[in-house]
There are 2 protein chains.
Amino acid sequence: MNNRIKELRAEKGWSQAALAEALEVSRQTVIALERGKYDPSLPLAFAIARVFGQSIEDIFQP
Amino acid sequence: MNNRIKELRAEKGWSQAALAEALEVSRQTVIALERGKYDPSLPLAFAIARVFGQSIEDIFQP
DNA sequence: TCCTTTTGTAAAGTGTCCTTTACATATGGG
DNA sequence: CCCATATGTAAAGGACACTTTACAAAAGGA
């Protein structure tokens, strides 16, 4: 499952730490997601979509 | 996180076993999801959206 | 150069997602 | 009544999602 987290975070000009805080997860989680180490849980996917103002389908591609 | 899986499955007239097969998961997983025991993984959420022809956001509400 | 910020790796621990197996109960058709 | 179908519970095990802590390395500004 690919995602556009890193790209969207760059557009916002946020650091990984800032995104982690916005998502209420650890920085390690942001790193792992961006590097495709694993997929987020569904609740976290919703949070990611919310902070970037896009749909889950727009950010994640199976 | 609430979901409309049971309702959508009823509309299709599918048994839990039939849905499980369509999703390529066990029947136990379908039961657990419908009864809100836990949320699906993101890949499974995509599969559920696909078999019902709706968006993830339409099926799951945080 | 020095210091701060940012990004990355590693490891160990906890809880969740999903599996298989087994058994129980309800319902409807023959 | 008998049997098949549908739904549910329980329990044990494996893999994944997420955490905390610690350390390493690159990059930019003063």
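In the text below, chain A, chain B and the rest are named by the order of the sequence lines, each starting its count at 1.
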ask   = Whole-Å distance between dA6(D) P and Lys6(B) NZ?
value = 15 Å

task = Using a 4.0 Å heavy-atom cut-off, write out nucleotides 20-30 of chain C from 5' to 3' as B (base contacted by protein), S (sugar-phosphate only) or - (no contact).
result = BBB--------

ask   = Whole-Å distance between dT19(C) P and Glu24(B) CD?
value = 10 Å

remark   = To the nearest 0.5 Å, atom CD1 of Ile5(A) lies from atom CG of Leu33(A) at 4.5 Å

note = Ala49(B) and Ser55(B) have their tightest heavy-atom pair at CB-C, 4.1 Å

task = Could you tell me which residues satisfy side-chain contact (heavy atoms from CB on, under 4.5 Å) with Lys6(A), sequence neighbours excluded, listed by chain and number?
result = Arg9(A), Glu34(A)

request  = Using heavy atoms and a sub-4.0 Å distance, could you list which residues of residues 50-62 of chain B are near DNA chain C? By number, please.
outcome  = none

Sorted by number, the residues of residues 32-39 of chain A with heavy-atom contact under 4.0 Å to DNA chain D = Tyr38(A), Asp39(A)

inquiry  = My understanding is that only residues two or more places apart in sequence, or in another chain, count here; which of them pass side-chain contact (heavy atoms from CB on, under 4.5 Å) with Glu7(A)?
reply    = Arg4(A), Glu11(A)

Pairs involving residues 35-49 of chain A, ordered by first then second residue, that meet side chain to side chain donor-acceptor pair (under 3.5 Å) (sequence neighbours left out) = none

query = Can you name the side chain to side chain donor-acceptor pair (under 3.5 Å) partners of Ser15(A), sequence neighbours left out?
reply = none

Distances under 3.5 Å between protein N/O atoms and the N/O atoms of nucleotides 2-4 of chain C, please, pair by pair.
none

message = Side chain of Ser15(A) only, heavy atoms from C-beta on: which candidate in dT6(C), dC18(D), dG8(C) is closest?
response = dT6(C)

ask   = To the nearest 10 degrees, what angle separates the axes at the start and end of the helix from dT1(C)-dA30(D) to dG30(C)-dC1(D), five pairs each?
value = 40°

query = Taking CG from Leu23(A) and P from dA17(D), how many angstroms apart are they, rounded to a whole number?
reply = 16 Å

key: Interatomic distance where CG belongs to Leu44(A) and C1' belongs to dC16(D) [whole Å]   = 14 Å

query = Which sits closer to the 5' end of DNA chain D, Ser41(B) or Trp14(B), going by the nucleotide each is nearest to?
reply = Trp14(B)

inquiry  = Rounded to the nearest 0.5 Å, what separates atom CE in Met1(B) from atom CG in Leu42(A)?
reply    = 3.5 Å

key: Validation row: Leu19(A), Ile48(A) side chains within 4.5 angstrom (heavy atoms)   = no

note = Here the salt bridge (charged side-chain N to carboxylate O under 4.0 Å, His left out) pairs for residues 41-62 of chain B, sequence neighbours left out, are none

query = Ile31(A) CD1 to dT5(C) C1': how many Å, rounded?
reply = 13 Å

Donor-acceptor pairs under 3.5 angstrom involving side-chain atoms of residues 23-31 of chain B: please list them, not counting sequence neighbours.
unit_1: Ser26(B); atom_1: OG; unit_2: Thr29(B); atom_2: N; d: 3.3
unit_1: Ser26(B); atom_1: OG; unit_2: Thr29(B); atom_2: OG1; d: 3.1

ask   = What ring-ring contact (aromatic ring centres under 6.0 Å, His included) pairs are there with at least one residue in residues 39-62 of chain B, not counting sequence neighbours?
value = Trp14(B)-Phe52(B)

remark   = Residue pair Val30(B)/Ala17(A) against DNA chain C: nearer the 5' end by closest nucleotide is Ala17(A)

task = Please state how far atom CD in Gln16(B) lies from atom C1' in dT9(D), giving the value in whole angstrom units.
result = 12 Å

task = Would you kindly give the CD-to-C1' distance between Glu21(A) and dT20(D), to the nearest whole Å?
result = 17 Å

key: Along DNA chain D (nearest heavy atom to each residue), the more 5'-positioned of Pro43(B) and Arg9(B)   = Arg9(B)

